[in-house]
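First the proteins, then the strands, lettered A, B, ... as listed; each starts at 1.
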2 protein chains.
Amino acid sequence: MPKNINFDKLSHQPAYRVVSEKIRNAIVSGEIKTGELLPTETTLAEQFGVTRSTIREAIRLLEHGGMLGRADRKRLVVTLPQTDTVGRSVSSALLMHRVTYEELWQVAMGLEPLASKLACSTATAKDKQRLTANLVHTAEVMDNHDALLEAEIEFHDLLANATHNSALLLARAPLNELFYPAAWGAVIRALSPGKRILVAHQHIYGAICANNPDKAEEWMKKHMLDFRRGIEMGNLGFNEPVKG
Amino acid sequence: MPKNINFDKLSHQPAYRVVSEKIRNAIVSGEIKTGELLPTETTLAEQFGVTRSTIREAIRLLEHGGMLGRADRKRLVVTLPQTDTVGRSVSSALLMHRVTYEELWQVAMGLEPLASKLACSTATAKDKQRLTANLVHTAEVMDNHDALLEAEIEFHDLLANATHNSALLLARAPLNELFYPAAWGAVIRALSPGKRILVAHQHIYGAICANNPDKAEEWMKKHMLDFRRGIEMGNLGFNEPVKG
DNA sequence: GCTGACATATTGTCCGACAATATGTCAATT
DNA sequence: AATTGACATATTGTCGGACAATATGTCAGC
């Protein structure tokens with residue numbers, strides 16, 4: 001009787017994938033530090049024992065994630081993935097999943113008040129200064145729909161940055177890219193809520209400067225609920241998929 | 001006096017980037033639907049008027065985002081990016097940013113109670129059935145550290161899936177991959193809190209079945225705070241960077 | 001010391017080739 | 001009729017070499 005040999009399904013990974021994974025490991029493990037130049041394609045090809053074409057495909061795999069940037073448009077340099085870079089691939093995924101405004105709003109309801117609360121204890125002088133400048137600018141452009149939208153988005157982004165929590169920044173990246181531009185844009189065009197927006201922002205900012213986390217959180221919640229009412233009043237299709 | 005001609009700094013994007021972007025647009029705009037096969041490399045090369053190598057590099061750029069998968073290990077097929085696939089690149093980014101357990105915990109504090117609350121009204125019978133099975137299994141393996149950790153992670157994942165909110169799922173993907181395995185793992189090994197975990201899960205599950213969002217949210221908060229206390233009691237380096 | 005010419009290095013793109021493998025076709029066999 | 005096997009075909013993975021464009025380094029000349 002023949003032995004029952006158990007062959008494990010051999011996983012024939014293409015070479016460019018293997019190479020890519022090796023480079024990726026070298027990067028996240030810190031073996032190649034951020035800011036350092038990646039070896040040239042030819043030397044990489046020699047080291048891994050493959051052709052330059054294969055190396056190039058492996059590099060492309062990583063390039064999209066944002067961990068590789070261009071130093072001088074020639075040599076590649078290891079870079080810290082920026083929020084917006086990573087956010088773009090997440091946003092693509094969400095668009096393909098036909099994510100609705102409602103779903104994004106729910107996430108925003110979870111993250112934005114949290115950001116407000118955290119920012120109270122983490123915001124630096126520089127952060128507060130940027131927020132101040134944003135408020136001034138918002139007051140100036142209150143009647144310009146496009147400029148107002150831009151200022152509104154910037155406020156939320158500055159606030160999130162003031163937490164200095166990279167996990168939070170990445171988690172809310174799709175809000176910047178998908179949710180606010182489309183949803184706030186619609187509300188602003190339909191209702192011209194410049195005044196209401198500014199007042200809410202001012203209260204949030206005030207609470208942060210007063211180091212009052214609860215109040216900051218509460219006002220951000222109000223702000224988001226207010227926004228939701230705007231969507232509903234304008235009958236703007238809260239349950240429809242976001243269109244990129 | 002010569003006219004002041006204003007040349008805009010021409011941005012010489014490499015061909016593989018342009019091609020990649022065009023394909024990406026075709027995909028997210030739905031021009032190529034999910035499940036459909038991507039044209040073969042040679043036809044793409046003819047259509048875009050570039051070489052196959054260039055096409056291949058363009059494809060690699062998209063492949064990492066998870067919007068392209070392999071149908072039969074040959075032809076490429078357009079696929080819905082899975083949570084874990086997208087999550088992996090986010091996790092890489094977070095690792096490079098030297099994200100701390102504390103930061104991830106803060107995000108978890110924002111998203112997990114939210115998931116509990118939302119799941120009350122969205123969980124299907126199938127979802128609840130899966131949760132039940134998880135609870136039974138958790139009770140069985142309560143003294144096996146590895147199995148308990150796995151069950152604990154699965155509970156939170158099932159809960160999040162029960163919201164059927166893809167934005168929320170993507171936002172919390174790094175928790176599954178980075179936070180829970182390392183942090184919960186440490187707590188479980190140090191304190192053997194199997195009983196406490198199970199009780200908390202049962203309360204959350206009970207609140208969902210009773211359609212009591214406030215209670216579900218509250219218990220999840222307790223659960224997360226409890227976990228944090230565990231970390232602090234064990235003196236397990238809450239403020240250190242997560243090691244991948 | 002600065003400038004400009006020149007060689008060098010590196011990437012972007014092209015071309016052609018071949019092996020491995022999945023798919024389709026069709027005849028032979030049971 | 002259904003299955004099998006042989007064979008041609010299509011497609012991807014990998015190779016090797018080639019050349020243009022451009023950034024970098026070097027060195028003479030002013």
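Among residues two or more places apart in sequence or in another chain, the ring pair (Phe, Tyr, Trp, His ring centres under 6.0 Å) test is passed with A/F179 by A/F227. Applying the side-chain hydrogen bond (donor to acceptor under 3.5 Å, both in side chains) criterion to B/E140, with sequence neighbours excluded, gives no partner residue. Under the ring pair (Phe, Tyr, Trp, His ring centres under 6.0 Å) criterion, B/F155 pairs with B/H201, sequence neighbours left out. With sequence neighbours excluded, the residues satisfying side-chain hydrogen bond (donor to acceptor under 3.5 Å, both in side chains) with B/N176 are B/D157. Every side-chain hydrogen bond (donor to acceptor under 3.5 Å, both in side chains) that B/T43 has, sequence neighbours left out, goes to B/T40. Not counting sequence neighbours, the partners of B/S92 by the side-chain hydrogen bond (donor to acceptor under 3.5 Å, both in side chains) test are A/R24.
Atoms CD (A/E57) and C1' (D/dC15) sit 12 Å apart, rounded to a whole Å. Rounded to whole Å, the distance from CZ on A/R75 to P on D/dT24 is 10 Å. As rounded to whole Å, 10 Å separates atom C1' of D/dT11 from atom CZ of B/R56. Atom CD1 of B/I55 is separated from atom C1' of D/dG13 by 16 Å (rounded to the nearest Å). In this structure, CG of A/L76 is placed 15 Å from C1' of C/dA9, rounded to the nearest angstrom. Computed from coordinates, the A/L68 CG to C/dT11 C1' distance equals 14 Å when rounded to whole Å. Regarding B/R17, its CZ atom lies at a distance of 8 Å from the P atom of C/dG12, rounded to whole Å. One atom, CZ of A/R70, and another, P of D/dT22, lie 15 Å apart when rounded to the nearest Å.
The side chain of A/Y16 places no N or O atom within less than 4.0 Å of a non-bridging phosphate oxygen (OP1 or OP2) of D/dT14. Look at B/T54 and you won't find any side-chain N or O under 4.0 angstrom from OP1 or OP2 of C/dG12.
Counted by atom type alone, A/Y16 and A/S53 present zero donor-acceptor pairs between their side chains at under 3.5 Å.
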Pair up each side-chain donor or acceptor in residues 180-189 of chain A with any protein partner under 3.5 Å, not counting sequence neighbours, and list the distances.
| unit_1 | atom_1 | unit_2 | atom_2 | d |
| --- | --- | --- | --- | --- |
| A/Y180 | OH | A/E112 | OE2 | 2.4 |
| A/Y180 | OH | A/H156 | ND1 | 3.4 |
| A/W184 | NE1 | A/E152 | OE2 | 3.1 |

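Remark: B/R98 CZ is loosely packed, at most 12 non-hydrogen atoms of other residues, nucleotides or ligands lying under 6.0 Å away.
Using a 4.0 Å cutoff on non-hydrogen atoms, no part of residues 33-47 of chain B comes near DNA chain C.
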Between the protein and nucleotides 16-21 of chain D, list the N/O to N/O atom pairs that are separated by less than 3.5 angstrom.
| unit_1 | atom_1 | unit_2 | atom_2 | d |
| --- | --- | --- | --- | --- |
| D/dA18 | N6 | A/R52 | NH2 | 3.3 |

